[in-house]
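In listed order, ligands and their atoms are each counted from 1. Residues: numbered from 1 along the sequence shown.
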Amino acid sequence: MADLDALKTKYLDGIAAASDEAALEELRLAALGKKGEISLMMRELGKMTPEERTSTGAALNRLKDDIDTALRAAKTAMADAALNARLATEWLDVTLPGRPLRQGSIHPVSQVMEEVTAIFADMGFAVAEGPQVESDWFNFDALNIPPEHPARQEHDTFFMNRAEGDDRPPHVLRTHTSPVQIRSMTEQGAPIRVIAPGRVYRMDMDQTHTPMFHQIEGLAIGKDISMANLKWVLEEFFTAFFGIKVKTRFRASHFPFTEPSAEVDIQCSWIDGQLRIGEGDGWMEVLGSGMVHPKVLKAAGVDPEEYQGFAFGMGIDRLAMLKYGIPDLRAFFESDLRWLRHYGFAALDMPTVHGGLNK
Ligand code: PHE
């Protein structure tokens, strides 16, 4: 069986020298494929005598097994080598620190709105909302500011464009949150206790004014609500908001939609350019307020013979500046990332009435 030994050597050498799987496959077909050398020899067995067949058959089977085993071993070795090569180039250092993700922050105005809302919610006020594009009836007329009233000019109003022939009522960008008083009384009737935070617009721009700013409206209507309740609610609010006892001062004022009306100052001191709330003998104006005018109640469908109550409106941006020591109002709306990172709040810095909210 010299030729079987030669065959064995030929194939095993070939397998040892094969450089890839395709070469191995070629060798497999040449030896063991349907028309492979060894397969063809197997077919010749039928023509042999039984003795020859037994010995040659066994030898051929051994040869077939040897080649098969060598092929498998070579294939496995190639796969291992390929995997090792891949591992060597694609390795990942899992001990490296991750890439930091930049987190956004809560804008001081949003934060203060949440804080203010939480404090008033604790006193039984629900949150109400109204549109920023408002009809001039809600923004002015219903609030006892008729068309010829000088307050319309004082409000530096942005008017919405109306095409010629458009018969929809005139609309404005609301100049204050007071129209939400009318909307919520119309919808819910009396008694009612709501606050309405939101954006308002006036044509004004300097260091302390921006054309868009934020107000929060308060409204409490019942059968026997008085100015005394207003004063208590506001002092309670400022004390909770600033975290120290804050005195208020009511100054007689005028708003068309309240009678009597008062502007409210909070106690503060100015020492060496440092503003401190709740101490000293200075005063800072923070809001307008008063007893809701009977005409306003009537316009919202509430009977002024039966109900009365107070309303107030204050600037949220101003409150944020005072509480968090932010010097320039305009920076609030410039979207400067450095400013936002410095003055912004973490997302889960939830306001609580008694918890410290200072960063
Ligand atoms: N709407 C008034 C303003 O923008 C504030 C105010 C609200 C005054 C409610 C009295 C009552 O100045």
Side-chain angles (χ1 to χ4, degrees), residues 109 113 116 120 125 127-132 134-146 149-158 172-185 190 192-204 208-222 225-231 233-234 237-238 248-266 284-300 302 304 307-319 329:
V109 171
M113 268 204 217
V116 172
F120 280 108
F125 287 76
V127 175
E129 276 180 323
Q132 294 174 40
E134 186 58 283
S135 79
D136 72 349
W137 188 83
F138 276 109
N139 195 78
F140 295 121
D141 301 70
L143 290 162
N144 194 29
I145 314 175
H149 197 286
R152 288 221 180 185
Q153 273 70 57
E154 283 161 27
H155 274 212
D156 302 313
T157 312
F158 285 108
V172 299
L173 290 181
R174 67 177 178 194
T175 57
H176 50 180
T177 42
S178 299
V180 187
Q181 289 185 34
I182 309 294
R183 288 184 174 273
S184 41
M185 281 192 280
I192 187 172
R193 232 186 297 176
V194 289
I195 48 161
R199 293 188 162 173
V200 301
Y201 301 83
R202 291 184 202 174
M203 235 181 292
D204 209 351
T208 52
H209 296 91
T210 48
M212 184 282 296
F213 57 103
H214 300 81
Q215 283 191 336
I216 194 156
E217 194 81 8
L219 174 71
I221 303 292
I225 293 181
S226 72
M227 279 304 254
N229 299 121
L230 170 65
K231 185 160 170 108
V233 163
L234 290 179
F237 163 70
F238 285 120
T248 59
R249 182 174 76 171
F250 280 53
R251 275 181 296 104
S253 181
H254 177 265
F255 299 102
F257 32 92
T258 45
E259 184 57 38
S261 302
E263 279 176 314
V264 179
D265 305 335
I266 53 175
M284 165 151 324
E285 186 199 321
V286 284
L287 63 85
S289 66
M291 296 300 289
V292 178
H293 198 290
K295 282 190 177 173
V296 172
L297 294 174
K298 228 183 260 173
V302 170
Y307 288 104
Q308 61 177 31
F310 63 76
F312 59 85
M314 60 186 157
I316 293 179
D317 317 88
R318 167 71 75 81
L319 284 183
L329 177 67

Check: Arg251 side chain, Glu263 main-chain N or O, donor-acceptor pair, under 3.5 Å = no

Is it true that Glu217 and Arg183 have a side-chain N and a carboxylate O under 4.0 angstrom from each other?
-> no

Verify the neighbour count for atom NZ of Lys231: are there more than 12 heavy atoms of other residues, nucleotides or ligands below 6.0 Å?
-> yes

Give a yes/no on ligand 1: does Phe310 have at least one heavy atom closer than 4.0 angstrom to it?
-> no

All side chain to side chain donor-acceptor pair (under 3.5 Å) counterparts of Arg249, not counting sequence neighbours | Asp265

Check whether any heavy atom of His293 sits under 4.0 Å from an atom of ligand 1.
-> no

Which residue owns the protein heavy atom closest to atom 2 (C) of ligand 1, what's the atom, and how far is it?
-> Phe257 CZ, 3.7 Å

In terms of its nearest heavy atom to atom 3 (C) of ligand 1, the top option of Met291, Arg202, Met314 is Arg202

Is there side-chain contact between Trp137 and Ile182, with at least one heavy-atom pair below 4.5 Å?
-> yes

Give the residue and atom name of whichever protein heavy atom lies nearest to atom 9 (C) of ligand 1, and the separation in Å to one decimal.
-> Glu217 OE2, 3.3 Å

N/O donor to acceptor pairs below 3.5 angstrom from side-chain atoms of residues 307-319, sequence neighbours left out:
| from | atom 1 | to | atom 2 | distance (Å) |
| --- | --- | --- | --- | --- |
| Tyr307 | OH | Ala190 | O | 3.4 |
| Gln308 | NE2 | Ile225 | O | 2.9 |
| Asp317 | OD1 | His214 | N | 2.7 |
| Asp317 | OD2 | His214 | ND1 | 2.9 |
| Arg318 | NH1 | Glu285 | O | 2.8 |

Counting from 1 in the order shown, the ligand 1 atoms closer than 4.0 Å to a non-hydrogen atom of Gly313 are 6 (C), 7 (C), 9 (C)

Glu129 CD: over 12 foreign heavy atoms closer than 6.0 Å | no

Which of the ligand 1 atoms, numbered from 1, are nearer than 4.0 Å to a heavy atom of Gln215 | 3 (C), 4 (O)

Atoms in ligand 1 with a heavy atom of Ser178 nearer than 4.0 Å = 1 (N), 7 (C)

For Gln181, the ligand 1 atoms with a heavy-atom partner under 4.0 Å come out as 9 (C)

How does Arg174 reach ligand 1, by side chain, by backbone, by both or by neither, if only non-hydrogen atoms under 4.0 Å count?
-> neither

